[in-house]
Protein chains: 2
Amino acid sequence: MSQSSKPPQPAPVPTSADVARLAGVSRATVSYVLNNAEAVRISEPTRRKVRRAAEELGYVPHAAARSLRAGHTRIVLLPTSHVPIGPLYSAFLNELQWSLRRLDYTVVQYGSLGLSGDEAARAWAELRPVAVISLGEITLSAHNVATLKRAGARAVITMGPVGVPGAHALVMDQSEVGARAAAHLVERGHRRIGVVVPQEEGLELFSTPRLEGARSVAGAGIEALPMAYSEESAAALAARWRSLGLDAVFAYNDEYAMLLMRALLDEGLRIPGDVAVMGADDLLIGRLLRPRLSTVQIELPTGDHLAELVDRAVREPSEITQRQDLISAVAVRREST
Amino acid sequence: MSQSSKPPQPAPVPTSADVARLAGVSRATVSYVLNNAEAVRISEPTRRKVRRAAEELGYVPHAAARSLRAGHTRIVLLPTSHVPIGPLYSAFLNELQWSLRRLDYTVVQYGSLGLSGDEAARAWAELRPVAVISLGEITLSAHNVATLKRAGARAVITMGPVGVPGAHALVMDQSEVGARAAAHLVERGHRRIGVVVPQEEGLELFSTPRLEGARSVAGAGIEALPMAYSEESAAALAARWRSLGLDAVFAYNDEYAMLLMRALLDEGLRIPGDVAVMGADDLLIGRLLRPRLSTVQIELPTGDHLAELVDRAVREPSEITQRQDLISAVAVRREST
DNA sequence: ACGATTCATTGACACGTGTAAGCGAGGGTC
DNA sequence: GACCCTCGCTTACACGTGTCAATGAATCGT
């Protein structure tokens, strides 16, 4: 309770040196004790003294200093898109974060904000992450990957549709989704198939491959239909539907599918009689509308699985297979097709 | 292209010392140039030499070392819940992250994984974040807040229902939502009101206040109804509906409301004739079912707004008001009530 | 021509941590 | 009693950066 005169100072954060001073030992001893070092033997009484002092001061180690000294971090960088990614992938990313946390990694979200690949790679590299998991909204060059690796990243993982040389590619091939949808529709006798392409910015990453996947199956029968995520846009599309001459539609997503199906029903069209509607992602919500929405069910890897894959890549960068397909898609027929 | 013998070394990451060496200047000069220091004047030729060298080596500064030296970071810590938080709040958090990034903060997600308040506070403090934004899944004590502040946090913001001494409370009072819903139902003549409470773990944070809010308005007329987010659970609840003697239900959420409404309709009940159904969050999807779902529209602050509030708190910790209400809720009648 | 000023650059320290190497004391062994 | 362990702890350095104070060179003023 010294009544020293320092009201403005915001009470400096205690360091291990403060702990050492209070415990009457050297700083090294403090470090050994608090890290439970096995190589060095410290007597039990000393251990207690140190622990008491640390407790009393409310000492908390400084992560930056620690990783500076260690020469590496446990940071996994997860570039965030500000895109209205669907519920399925939101949930997946959440789970992934959680699983990584459990493996003692620190997840850093880093908005990439219209940066170029070069700029993004440099910004990311500053944090010296041990791994980078890019969903693909930034297209990285081999040079960018090299920059990251040089900065200490032991795993650079891209989940986009296309692999990048030097990076581990965990391919989540969205075109598979479009292909399954189209195949299902073709199988049921449809030939003129519309594919809803969201107008929302940033979704091209998902929507383009899905469209291409459909094209690869149904070829010339495919017609791209831009549509925004709003009742107005869906109504506008539905209003001109009869003039389009389509007998089926694959709507990118269950949400878009629901939106469009509602508008089509309101327009007086029968489903699946006049037009078959197909969604994707198999959201629970999609089963509530009538007719029930047919969809493409996507089997995403669990967050645990992917996190462990990252972990393995970090431990043994060489052992990991360079390319791996992660998603499997299968059409589920309900009532709208 | 020296054929030196170091194949195993993973090419050490270049430091500012390497840049200095290559440019033939001192490390200090490098620092001044790359940080565009204004206090010190460096000749233009030297600037170019340094920039060239940095470029050539692919130099990227080491964020940890930098913030160690600086004594502070630009990290904003955002503890993540692994709870199935709704689309509304997911979008809000995404936007917040993006806005913070634009203000040059680094957002770190930190799963709190069943930690106690003490443990969480210590773990968070290790990163020396300049601000912590807690949604309230961890209840912090005044002592925890003090720990964080001592570790350099200039703003500790809680968005839970209850303020914490020492922290800036940006209250997002969920009880308001429940209150509006109940008031709307009462106003329309309903007296026996069920309130769906999700069984999913982690959602109590939102659901409990919403329930209590309803209670504060409709008192004894309220009955809590546990339900999981699945068709089976909704069907089970619907099956015993007639025996409950309720004439209205507030379903926590538009998603839960849709699920239950579907089940009630399938059970042969008329909506809103036999039972009025009220959701919350005003999701676009909720307007697709028939009858259209009445809901409580929640006005969340924009991510930009909140981010700027955080920024101001960081710059002038004293100037910020200690407590502030952030959400406003208003009932929207559609067809289900 | 010589001290006074400006200009461009550098040497040196501090930030907080982990750990290899060293060191004194105590206790055995011959 | 000289020797060598082992035990318990400390001294000293390195990690990569920013910045203050100092230094030398060049320019200026008279």
Side-chain angles (χ1 to χ4, degrees), chain A residues 10 12-51 53-54 57-75 125-128 130 150-152, chain B residues 10 12-51 53-54 57-75 125-128 130 150-152:
Chain A
V13 12
T15 74
S16 71
D18 297 322
V19 176
R21 198 154 23 235
L22 179 58
V25 298
S26 79
R27 220 178 40 67
T29 303
V30 172
S31 179
Y32 287 134
V33 170
L34 296 183
N35 293 322
N36 295 314
E38 319 222 332
V40 181
R41 320 195 36 150
I42 308 282
S43 73
E44 196 51 43
T46 311
R47 300 190 108 89
R48 272 198 297 272
K49 270 194 304 184
V50 170
R51 294 222 170 83
L57 291 177
Y59 168 70
V60 173
H62 193 306
R66 183 180 288 206
S67 61
L68 173 59
R69 157 70 214 209
H72 62 255
T73 69
R74 296 279 295 172
I75 290 178
E126 288 192 11
L127 295 177
R128 301 288 191 270
V130 71
R150 188 143 29 82
Chain B
V13 13
T15 75
S16 71
D18 296 323
V19 176
R21 198 154 23 237
L22 180 57
V25 298
S26 78
R27 220 177 40 68
T29 303
V30 171
S31 178
Y32 287 134
V33 170
L34 296 183
N35 294 320
N36 293 315
E38 318 221 331
V40 181
R41 319 190 40 152
I42 307 281
S43 72
E44 195 51 42
T46 312
R47 298 192 110 90
R48 274 198 295 273
K49 269 195 305 184
V50 170
R51 294 222 171 82
L57 291 178
Y59 168 71
V60 173
H62 192 306
R66 183 180 287 204
S67 61
L68 173 60
R69 157 71 214 205
H72 63 255
T73 68
R74 297 278 296 170
I75 291 178
E126 288 192 10
L127 295 177
R128 301 289 190 270
V130 71
R150 188 144 28 82

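On a predicted model such as this, the values are computed, not experimentally measured, just so you know. Note: hydrogens, waters and symmetry copies are ignored here, and every other heavy atom, side chains too, is used.
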Would you say B:Thr46 reaches C:dT9's phosphate, i.e. side-chain N/O to OP1/OP2 under 4.0 Å? yes

If you take all heavy atoms of B:Leu57 and B:Pro14, which pair is closest and at what distance? O-CG, 3.6 Å

Which pairs, protein N/O on one side and nucleotides 24-26 of chain D N/O on the other, fall under 3.5 Å?
none

Here the distance between atom P of C:dA8 and atom CD of B:Glu44, to the nearest Å, is 11 Å

Rounded to the nearest 0.5 Å, how far apart are CZ of A:Arg66 and NE2 of A:His72? 10.5 Å

Here the gap from B:Arg150 atom CZ to B:Arg128 atom CZ, rounded to the nearest 0.5 Å, amounts to 10.0 Å

Decide yes or no for A:Tyr59 and A:Val13: does some side-chain heavy atom of the first lie under 4.5 Å from some side-chain heavy atom of the second? no

Holding to side chain to side chain donor-acceptor pair (under 3.5 Å), I want the full list of residues that pass it with A:Arg41, two or more places apart in sequence or in another chain. none

So, using side chain to side chain contact (heavy atoms under 4.5 Å, CB included) as the criterion, who are the partners of B:Ala64 when residues are at least two apart? A:Ala64, A:Ser67, B:His62

Report yes or no: is there a donor-acceptor pair, N or O only, under 3.5 Å between the side chain of B:Arg27 and the base of D:dG18? yes

Looking only at heavy atoms, what is the nearest atom pair of A:Ala23 and A:Val50, with distance? CB-CA, 4.1 Å

In whole angstroms, how far is the C1' atom of D:dC9 from the CZ atom of A:Arg47? 12 Å

Taking only side-chain N and O atoms of A:Ser26, does any of them lie within less than 4.0 angstrom of OP1 or OP2 on D:dT10? yes

What pairs of nitrogen or oxygen atoms, one from the protein and one from nucleotides 24-28 of chain C, lie under 3.5 Å apart?
none

Not counting sequence neighbours, list each pair that qualifies as a salt bridge (charged side-chain N to carboxylate O under 4.0 Å, His left out) and has a residue in residues 42-51 of chain A. none

Of all residues at least two apart in sequence or in a different chain, which pass the side chain to side chain donor-acceptor pair (under 3.5 Å) check with B:Arg21? B:Asp18

Under a 4.0 Å heavy-atom cutoff, the residues of residues 30-40 of chain A touching DNA chain D are A:Tyr32, A:Val40

Residue-level proximity of residues 61-73 of chain A to DNA chain D when a heavy atom falls under 4.0 Å: A:Leu68, A:Arg69

Test of understanding: with side chain to side chain contact (heavy atoms under 4.5 Å, CB included), list the residues that count as partners of A:Glu38, not counting sequence neighbours. none

Expressed as a whole number of angstroms, how long is the span from A:Arg21:CZ to D:dC9:C1'? 18 Å

Look at all strands and tell whether B:Ser16 reaches a base, only sugar-phosphate, or nothing, counting heavy atoms closer than 4.0 Å. sugar-phosphate

Can you tell me which nucleotide in D:dT17, D:dT10, C:dA8 comes closest to the side chain of A:Thr29? D:dT10

Sub-4.5 Å side-chain heavy-atom contact between A:Leu127 and A:Thr73: no

Restricting to side chain to side chain donor-acceptor pair (under 3.5 Å), what partner residues turn up for A:Thr15, sequence neighbours left out? none

Residue whose nearest DNA chain D nucleotide is more 5′ - A:Ala28 or B:Thr15: A:Ala28

Looking at A:Ser43, I'd like to know whether one of its side-chain N or O atoms comes within less than 4.0 Å of OP1 or OP2 on D:dC9. yes

When the rotation axes relating C1' atoms of four end pairs to the next four are compared across the helix from C:dA1-D:dT30 to C:dC30-D:dG1, five pairs an end, they differ to 10° by 60°

Measure from CD1 on A:Ile42 to P on D:dC7 and round the result to the nearest Å. 13 Å

Decide yes or no on side chain to side chain contact (heavy atoms under 4.5 Å, CB included) for B:Ile75 and B:Val130, but give the supporting numbers first. CA-CA 6 Å; B:Ile75 291 178; B:Val130 71; 5.7 Å; no

Non-neighbouring partners of A:Thr29 that pass side chain to side chain donor-acceptor pair (under 3.5 Å), sequence neighbours left out: A:Ser26

